[in-house]
Peer 1: 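I have a structure here, written as structure tokens, and I will follow up with some questions on it.
In this text the structure is predicted, and so the values were computed from the model without any measurement.
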Amino acid sequence: MEAYDLIFREEQDHLSALHKRLREMEKSLEEKLDQVRENALEEKKAIREDLTLNFDSDTNAMETYAEFEVMNHVIDNYNIISRVNKEKLDQVRVLLKAPYFAKVRLQYDPEEEPEEYYIGTRGLTGDRHEQLVVDWRSPVAETYYNQSNGPTSYTVDGRTIPVDLLLRRQFDLKEDVLRAWFDTTIAIEDPLLLESLSKRRSDKMTAITTTIQKEQNEVIRHKDVPVLLVSGIAGSGKTSVLLQRIAYLFYQKRNTLRPDQVYLMTLNPVFRQYIENVLPDMGETNPHALTWLDFLDMAGFGKRGAGFETRAEDLDRIDASLKDLVLTEEDFTGIRQGGEILISPRSILAVSQRYPHIGPGPRLTGLMEDDLLELLKSRLRRKDGYSRRDREDQGREDENASRRENNRMENDFAGAFAQVRGKGFLNLQEIGKKIMGRSSLSPVELFYLKMALTGECDRNARYLMIDEVQDYTEAQIRVLSRYFLRAHFMLLGDENQAIRPGTATFARIRDILSEHGKAEECSLMTSYRSSPEITDLFTAFLEEKDRVRTTSVQRPGTRPEIRTIKGRDAYLKALKEALQEAREQEGLTCMIAGSRRRLEKLSALLGDDAPPVIRRDMSLPERGPVLMELPLVKGLEFDSVIIPDAVPEEYPEDSIGKHRLYTAISRATRKVTVFAEDTMTALLKGRES
């Protein structure tokens, strides 16, 4: 105990000194920002007073524009200085809340003194460029997450640095107060992890930076590969790992990777709101976060239907039919502006026929786009007004006159030009009907057809992250693979949570994405969400080979309550009692209905006692009971879960039934209550309380 107290005092002294220094840095940066703002205002005022607006001649106008340019340059410089200081101030303020969470002591050379590094959620250097705190994503911090003392290594710019990890210390601290310290070597004894897991969940996901475990770290720091497929059981932290991976990539590629180059596919808006704070709390900007319907809308196909019914064979048919497709006038849509047809479908067909040896596809539509733009400009020049302007510009600088004319046309007829550049001259429905032999196509088929005909894709995207990938169909994966042609893919999922028929197996996903590269795979088999009792219940639905690999690190909790209740009155009474208990206890309880039909039925049955129904685009409350349908709870977690309809109709004795029950049960961290009116699903026979 004496040794513990001695180290405690030493670490408290270090924390106090660092916190004092951070306060000084905060004050200094605030003063710098105030001074920059004051200087900027004075300089802008002086420039405005000296600025003379004179457009009487081209020479005077050029001088005026030059003065504007000088003013803009001055303002830009002040903005840069202000932004750099503001970013560092934000960094310091985050560290003031908890400057670090760990320390490692590394022996590089037996003949030299060991080096010590304090690890935090942000990195910070002092005025003399000394490293006060290292960022958790830095190479040297990898030694901490390796979780074993002794010989280890980390990698810098492709070079492996061997070291001896002498000490791996964790801290429980707040601001400048050290509450405890721990020296640990293996994950299962991780005090910070156990403390974190004992806290009640909130309405927002938080970063797991301070408690990343070894198997999670291997995914987060995995080398950058074209396709990374992560399979994890429920509660293994897949989504948290995904977000930490994004933060890690931003750190590693901070000079070359922008948030707009990263896309994150989420299941539904409720889940998107649940995770929206994680990356900003780590100092990173959120990437594009899209649901599948958002993605279709972004591509211009609205939210008219998800297209889950589209089969991979339908897309194969589109690809196979293009080589034999003969385009006709009906396959084109006239170029319009304000109801006026500027180029008719017949004229567009004529343009396509200039290239008789090129079949339908990206090359043909690219050539047609160039020709149609020239044809559009030619026709617009003959319209009233443009020819007059041409004559007025006659004899002046020809190049400038031509540029001004083009700018006027682009502005006046922006819709027509956008239609040509967006390949809107293609009548996709007509072409699709000809190929598929039916009256209409799904949004997925139309989108795929457009990509096949035009080569449309996102060449800017560098990463596509797909959470809960087991819920996507082969057709959806095909569309994403083709659209994000140059992106690296990271896919996370759990095949045991595939709750809808017709979704893609991991084997098929690997095959589809093989054009990007061979998939590398990682597994996450430890449950950090649910108690051992709940974990035992939902992992009972796994294959034996997977079940024996799963573990839970949560402390023991309450045994799940599973009851068959005879009679409507007794059943209703049991539901109301469970909901009343949920209202009285802390935390959030979710009553999960197996389907929308069942949800509406339960809501009507409970009447005034029914909890709030959470639908798409709604946020979760912090506590109390809520009612949700099963598809919307994917990726979420709750303190308690009530399954009110564990009947054979909702949870049949087949693979989908198992997946549905596995998914519903595994949302709970502490308590599960399962009810069935009259007849319990065969999947839970013999487990009743």
Peer 1: Can you list every side-chain hydrogen bond (donor to acceptor under 3.5 Å, both in side chains) pair that touches residues 220-232, not counting sequence neighbours?
Peer 2: Asn217-Arg221, His222-Glu520, Asp224-Lys253, Asp224-Tyr463, Asp224-His488
Peer 1: Within the distance-only criterion (no hydrogens, no angle test), does the side chain of Ser514 pair as donor or acceptor with the backbone N or O of Gly517 below 3.5 angstrom?
Peer 2: no
Peer 1: With a 4.5 Å cut-off on side-chain heavy atoms, are Arg23 and Lys27 touching?
Peer 2: no
Peer 1: Evaluate Gln273 against Ser619 for side chain to side chain donor-acceptor pair (under 3.5 Å), listing each step before the verdict.
Peer 2: CA-CA 7 Å; Gln273 293 171 26; Ser619 298; 2.3 Å; yes
Peer 1: Under a 3.5 Å distance rule, please check whether Arg272 uses its side chain to pair with a backbone N or O of Leu290 as donor and acceptor.
Peer 2: no
Peer 1: Using atom types as modelled and distance alone, determine if a side-chain donor or acceptor of Tyr662 lies under 3.5 Å from a backbone N or O of Ala234.
Peer 2: yes
Peer 1: Who are the ring pair (Phe, Tyr, Trp, His ring centres under 6.0 Å) partners of His516, not counting sequence neighbours?
Peer 2: Phe489
Peer 1: Sub-3.5 Å donor-acceptor pair from the side chain of Gln131 to the main-chain atoms of Val133, do we have one?
Peer 2: yes
Peer 1: Evaluate the criterion side chain to side chain contact (heavy atoms under 4.5 Å, CB included) for residue pair Leu228 and Val225; output intermediate values, then yes/no.
Peer 2: CA-CA 6 Å; Leu228 180 60; Val225 294; 4.0 Å; yes
Peer 1: Can you list everything that forms a side chain to side chain contact (heavy atoms under 4.5 Å, CB included) with Val94? Sequence neighbours excluded, please.
Peer 2: Thr121, Arg122
Peer 1: Looking at CE of Met265 and CG of Leu492, how far apart are the two atoms once the value is rounded to the nearest 0.5 Å?
Peer 2: 13.5 Å
Peer 1: Looking at residues at least two apart in the chain, or sitting in another chain, which of them share a ring pair (Phe, Tyr, Trp, His ring centres under 6.0 Å) with Phe506?
Peer 2: none
Peer 1: Of all residues at least two apart in sequence or in a different chain, which pass the side chain to side chain contact (heavy atoms under 4.5 Å, CB included) check with Arg159?
Peer 2: Ile161
Peer 1: Looking at Tyr248, I'd like to know if the NZ or CZ of Arg245 sits under 6.0 Å from its six-membered ring centre while staying within 45 degrees of the ring's axis.
Peer 2: no
Peer 1: Assess whether salt bridge (Lys or Arg N to Asp or Glu O under 4.0 Å) is satisfied between Arg137 and Glu284, documenting all intermediate values.
Peer 2: CA-CA 12 Å; Arg137 297 164 291 186; Glu284 302 294 350; 2.6 Å; yes
Peer 1: Using 0.5 Å steps for rounding, measure from the CG atom of Leu106 to the CG atom of Leu167.
Peer 2: 9.5 Å
Peer 1: Restricting to pairs with a member in residues 230-239, which pass salt bridge (charged side-chain N to carboxylate O under 4.0 Å, His left out), not counting sequence neighbours?
Peer 2: none
Peer 1: Answer yes or no: is there a side-chain heavy-atom contact under 4.5 Å between Leu29 and Val92?
Peer 2: yes
Peer 1: Can you name the salt bridge (Lys or Arg N to Asp or Glu O under 4.0 Å) partners of Asp471, sequence neighbours left out?
Peer 2: Lys634
Peer 1: Assign the ring pair Tyr118 / Tyr100 to parallel, tilted or perpendicular, where the plane angle (0 to 90°) is split at 30° and 60°.
Peer 2: tilted
Peer 1: Measuring from Ile275:CD1 to Leu242:CG, what's the distance to the nearest 0.5 Å?
Peer 2: 7.5 Å
Peer 1: Partners of Asp13 by side chain to side chain contact (heavy atoms under 4.5 Å, CB included), sequence neighbours excluded?
Peer 2: none
Peer 1: May I ask you to decide if Ser28's main-chain N or O and Glu31's side chain share a donor-acceptor pair within less than 3.5 Å?
Peer 2: no
Peer 1: Could you measure the distance from the CD1 atom of Ile614 to the CG atom of Leu632? Nearest 0.5 Å is fine.
Peer 2: 9.5 Å
Peer 1: Between Gln470 and Glu468, is a side chain to side chain donor-acceptor pair (under 3.5 Å) present by the stated rule, with each step listed?
Peer 2: CA-CA 5 Å; Gln470 77 281 343; Glu468 305 290 355; 2.7 Å; yes
Peer 1: So Tyr4 and Trp181, ring pair (Phe, Tyr, Trp, His ring centres under 6.0 Å) or not? Walk me through it.
Peer 2: CA-CA 9 Å; Tyr4 179 92; Trp181 64 268; 4.7 Å; yes
Peer 1: Between Glu543 (side chain) and Lys545 (backbone), is there a donor-acceptor pair under 3.5 Å?
Peer 2: no
Peer 1: Supply the atom-to-atom distance Thr526 OG1 to Lys214 NZ, rounded to the nearest 0.5 angstrom.
Peer 2: 12.5 Å
Peer 1: Compute whether any side-chain donor of one residue and acceptor of the other, for Asn146 and Thr143, lie under 3.5 angstrom apart.
Peer 2: no
Peer 1: How many angstroms lie between atom CG of Leu15 and atom CZ of Phe171, to the nearest 0.5 angstrom?
Peer 2: 8.5 Å
Peer 1: Given salt bridge (Lys or Arg N to Asp or Glu O under 4.0 Å), test Arg547 with Glu544 step by step and report yes or no.
Peer 2: CA-CA 5 Å; Arg547 186 162 62 249; Glu544 176 65 22; 2.3 Å; yes
Peer 1: May I ask you to decide if Asp294's main-chain N or O and Thr291's side chain share a donor-acceptor pair within less than 3.5 Å?
Peer 2: yes
Peer 1: Heavy-atom count check: over 12 atoms from other residues, nucleotides or ligands less than 6.0 Å from Glu130 CD?
Peer 2: yes
Peer 1: Is there a side-chain contact between Asn460 and Asp260, using heavy atoms and a 4.5 Å cut-off?
Peer 2: yes
Peer 1: Please indicate whether Arg486 has more than 12 foreign heavy atoms, meaning atoms of other residues, nucleotides or ligands, lying under 6.0 Å from its CZ.
Peer 2: no
Peer 1: Do Arg168's NZ or CZ and the ring of Tyr144 fall within the cation-pi criteria of under 6.0 Å and 45°?
Peer 2: yes
Peer 1: Which pairs, with at least one residue in residues 472-484 and sequence neighbours excluded, count as a salt bridge (charged side-chain N to carboxylate O under 4.0 Å, His left out)?
Peer 2: Asp316-Arg478, Asp319-Arg478, Asp319-Arg482, Glu474-Arg508
Peer 1: Can you name the residues that form a ring pair (Phe, Tyr, Trp, His ring centres under 6.0 Å) with Phe484, not counting sequence neighbours?
Peer 2: Tyr263, Phe295
Peer 1: Is the shortest side-chain heavy-atom distance between Val163 and Val104 below 4.5 Å?
Peer 2: no
Peer 1: Is the side chain of Asn496 donor-acceptor paired with the backbone N or O of His659 at a distance under 3.5 Å, no angle test?
Peer 2: no
Peer 1: Check this for me: does any side-chain nitrogen of one of Arg529 and Glu637 sit under 4.0 Å from a carboxylate oxygen of the other?
Peer 2: yes
Peer 1: Is there side-chain contact between Lys88 and Met25, with heavy atoms separated by less than 4.5 Å?
Peer 2: yes
Peer 1: Is a donor from one side chain sitting under 3.5 angstrom from an acceptor on the other, for Gln12 and Ser16?
Peer 2: yes
Peer 1: Taking Asp109's backbone N and O only, do any of them form a donor-acceptor pair with Glu112's side chain (distance below 3.5 Å, no angle check)?
Peer 2: no
Peer 1: Taking the side chain as every heavy atom from C-beta outward, state whether Arg660 and Ile592 have any pair of such atoms under 4.5 Å apart.
Peer 2: no
Peer 1: If you look only at pairs with a residue in residues 93-104, which of them pass as a salt bridge (charged side-chain N to carboxylate O under 4.0 Å, His left out), with sequence neighbours excluded?
Peer 2: Glu11-Lys103, Glu26-Arg93, Glu30-Arg93, Lys103-Glu116
Peer 1: Between His19 (side chain) and Leu96 (backbone), is there a donor-acceptor pair under 3.5 Å?
Peer 2: yes
Peer 1: Test of understanding: with side chain to side chain contact (heavy atoms under 4.5 Å, CB included), list the residues that count as partners of Glu533, not counting sequence neighbours.
Peer 2: Ser531, Pro556, Pro560
Peer 1: Does the side chain to side chain donor-acceptor pair (under 3.5 Å) test come out yes or no for Thr239 and Asp467, once each step is laid out?
Peer 2: CA-CA 7 Å; Thr239 303; Asp467 201 14; 2.7 Å; yes
